[in-house]
Amino acid sequence: MSGSFSIREIQELLEGKDMIQELHRHDFFYILILKFGNGLHEIDFTQYDIVNHTVFLMRPGQVHQLNLKAASTGYLIQFKSDFLYTHNSVSQQHLRKISQNNLYLLGPEGYQKTETILADILKEYSTKAKGYQEVLKANLSILLIELLRQRQNIPVPPTKATPYAQEKLEEFLELVESNIAKYKQVSQYTQLLNLTSYQLNAITKTLLHKTPSDILNESILLESKRQLLATSNQVSQIAYHLGYEDASYFIRFFKKHVGSSPEAFRNNSK
């Protein structure tokens, strides 16, 4: 990817061949929108079947492995965090909400609406007329709104959550993803969120059926696995990147939760 934004048609990327990738990670947002699709897509060690009218959305830092069949069609959008963040704060909120999920299934009608926006984005990106970058940002914002609308059309089980609780949860998850190497105590996050431990616990228990400590541990383990399988870094380097001065403490933590040492996990996953 060159620059802060790109859009490509899938047919052009595939060139009539299957795409088979090794596990890897990106430092940008990645939106794969498929009109017709077949194959498998693994994101952060969860495997998804690729079907028609599928949207995959990944945040920077996530790892994935794509196996996409040659006849697939659609679009791939990639952009750096700063591309949309220079647009407006509402777009940032939309991106934060939408990127909590990696998979969206659209119906034919939903896909058609999305495709209209994508065609406009591709045209602007290809012609690069005066002011095209601002138009790209505006169209990308419209695309995010459309995906949010599609998500709201999907029935979900009712919860006792208030919009405030949902917003605080999203804020907490974003803080954890950005700061897990620096902050590993629940109290550090309650301070950032201006909540008590009791309030944060009530929010995560109601919405995710997990404690804040569970979420912190899961985040550390996920980032550990990402680095073990998507980089060739030594275990001591990974421990250091995750904020552990003592690698042996990190190894004990990993083994307690995963059931094997980091090195064994890496070797067994190859």
Side-chain angles (χ1 to χ4, degrees), residues 1 3-19 21 26 28-43 46-59 62 64 66-80 83-84 87-88 90-129 131-157 166 170:
M1 180 180 124
S4 291
F5 179 93
S6 72
I7 180 170
R8 304 273 301 276
E9 286 188 275
I10 296 301
Q11 281 170 297
E12 181 194 327
L13 281 172
L14 293 174
E15 296 179 330
K17 300 172 192 164
D18 291 353
M19 180 187 285
Q21 297 178 334
H26 299 297
F28 46 79
F29 284 95
Y30 171 109
I31 310 178
L32 177 65
I33 307 113
L34 294 164
K35 183 174 188 175
F36 301 114
N38 194 1
L40 292 170
H41 198 181
E42 184 181 304
I43 303 174
T46 299
Q47 193 164 282
Y48 303 96
D49 289 321
I50 296 173
V51 295
N52 296 346
H53 310 134
T54 309
V55 177
F56 293 100
L57 196 152
M58 292 194 308
R59 303 178 300 281
Q62 291 196 285
H64 77 130
L66 180 63
N67 183 335
L68 189 60
K69 296 298 179 187
S72 302
T73 62
Y75 299 84
L76 174 62
I77 291 178
Q78 299 174 148
F79 60 95
K80 294 278 179 76
F83 179 76
L84 197 61
H87 186 52
N88 62 47
V90 177
S91 298
Q92 294 174 35
Q93 289 169 21
H94 290 154
L95 183 59
R96 189 172 75 190
K97 284 181 188 296
I98 201 81
S99 63
Q100 292 301 327
N101 291 58
N102 291 131
L103 171 68
Y104 290 86
L105 295 170
L106 309 179
E109 189 184 336
Y111 181 83
Q112 204 168 359
K113 285 183 182 176
T114 307
E115 191 172 43
T116 305
I117 302 164
L118 290 163
D120 286 343
I121 294 174
L122 183 63
K123 186 179 175 185
E124 281 294 330
Y125 183 73
S126 304
T127 56
K128 292 182 171 53
Y132 80 97
Q133 287 213 324
E134 289 309 307
V135 179
L136 284 177
K137 289 172 191 178
N139 279 338
L140 182 56
S141 296
I142 292 166
L143 176 67
L144 294 175
I145 290 168
E146 185 55 45
L147 289 175
L148 274 174
R149 286 175 176 172
Q150 297 288 335
R151 185 175 79 169
Q152 283 159 3
N153 290 339
I154 300 166
V156 291
Q166 186 65 49
E170 287 168 6

Using modelled atom types and a 3.5 Å cut-off, is there a donor and acceptor pairing between side-chain atoms of Glu134 and backbone atoms of Gly131? no
Quick check: are there more than 12 heavy atoms from other residues, nucleotides or ligands sitting under 6.0 Å from CD of Gln21? yes
Are any non-hydrogen side-chain atoms of Ile77 and Leu143 less than 4.5 angstrom apart? yes
Could you check whether any side-chain heavy atom of Ile121 comes within less than 4.5 Å of a side-chain heavy atom of Phe5, counting everything from C-beta outward? yes
For Ser99 and Arg59, work out which heavy atoms get closest and say how close. O-NH1, 2.5 Å
Which residues pass the side chain to side chain donor-acceptor pair (under 3.5 Å) test with His26, sequence neighbours left out? His24, His64
Do Glu42 and Tyr48 have side chains that get closer than 4.5 Å, going by heavy atoms? no
Any donor-acceptor N/O pair, Tyr104 side chain to Ile98 backbone, under 3.5 Å: yes
Does the pair Tyr75 and Arg8 meet the rule for a side-chain contact (heavy atoms from CB on, under 4.5 Å), with working shown? CA-CA 6 Å; Tyr75 299 84; Arg8 304 273 301 276; over 6 Å; no
Taking it one step at a time, do Leu32 and Ile10 satisfy side-chain contact (heavy atoms from CB on, under 4.5 Å)? CA-CA 9 Å; Leu32 177 65; Ile10 296 301; 3.4 Å; yes
Closest approach of Gly16 to Ala70 (non-hydrogen atoms, all atoms of both residues): O-CB, 3.5 Å
Surrounding NZ of Lys128 (heavy atoms of other residues, nucleotides or ligands, distance under 6.0 Å), is the total greater than 12? yes
Does any part of the side chain of Leu140, heavy atoms only, come nearer than 4.5 Å to the side chain of Leu95, both counted from C-beta? no
Measuring from atom CZ of Arg96 to atom CG of Leu144, what distance do you get when rounded to the nearest 0.5 angstrom? 13.5 Å
Is there a side-chain contact between Leu34 and Leu68 (heavy atoms, below 4.5 Å)? yes
Would you kindly check if the NZ (Lys) or CZ (Arg) of Lys137 is within the cone defined by 45 degrees around the ring axis of Phe83 and under 6.0 Å from the six-membered ring centre? yes
Distance (rounded to the nearest 0.5 Å) between Leu122 CG and Leu118 CG: 8.5 Å
Side chain to side chain contact (heavy atoms under 4.5 Å, CB included) partners of Lys69, counting only residues at least two apart: Asp18, Asn38, Asn67, Ser72
Distance check, rounded to the nearest 0.5 Å: Gln112 atom CD versus Leu106 atom CG? 12.0 Å
Between Asn102 and Gln62, is any pair of side-chain heavy atoms under 4.5 Å apart? yes
Does atom CD (Gln100) have a neighbourhood of more than 12 heavy atoms from anything else shown, all under 6.0 Å? yes
When the ring planes of Phe29 and Phe79 are compared, do they come out parallel, tilted or perpendicular, using 30° and 60° as the limits? parallel
Interatomic distance, CD1@Ile142 vs OG1@Thr114, rounded to 0.5 Å, equals 12.0 Å
Pair Leu40, Asp49 - check side-chain contact (heavy atoms from CB on, under 4.5 Å), show working. CA-CA 5 Å; Leu40 292 170; Asp49 289 321; 3.1 Å; yes
State, yes or no, whether a side-chain contact exists between Leu103 and Thr54 at a heavy-atom distance under 4.5 Å. yes
Taken to the nearest 0.5 Å, the spacing of Ile33 CD1 from Leu147 CG works out to 7.0 Å
Any heavy-atom pair between the side chains of Leu66 and Ile50 that's under 4.5 Å? yes
Passes side-chain contact (heavy atoms from CB on, under 4.5 Å), Leu57 versus Asn101? Steps please. CA-CA 7 Å; Leu57 196 152; Asn101 291 58; over 6 Å; no
To the closest 0.5 Å, what do you measure between CE (Met58) and CD (Gln78)? 8.5 Å
Determine, for Tyr125 and Lys123, whether the Lys NZ or Arg CZ falls below 6.0 Å from the six-membered ring centre while staying within 45 degrees of the axis. no
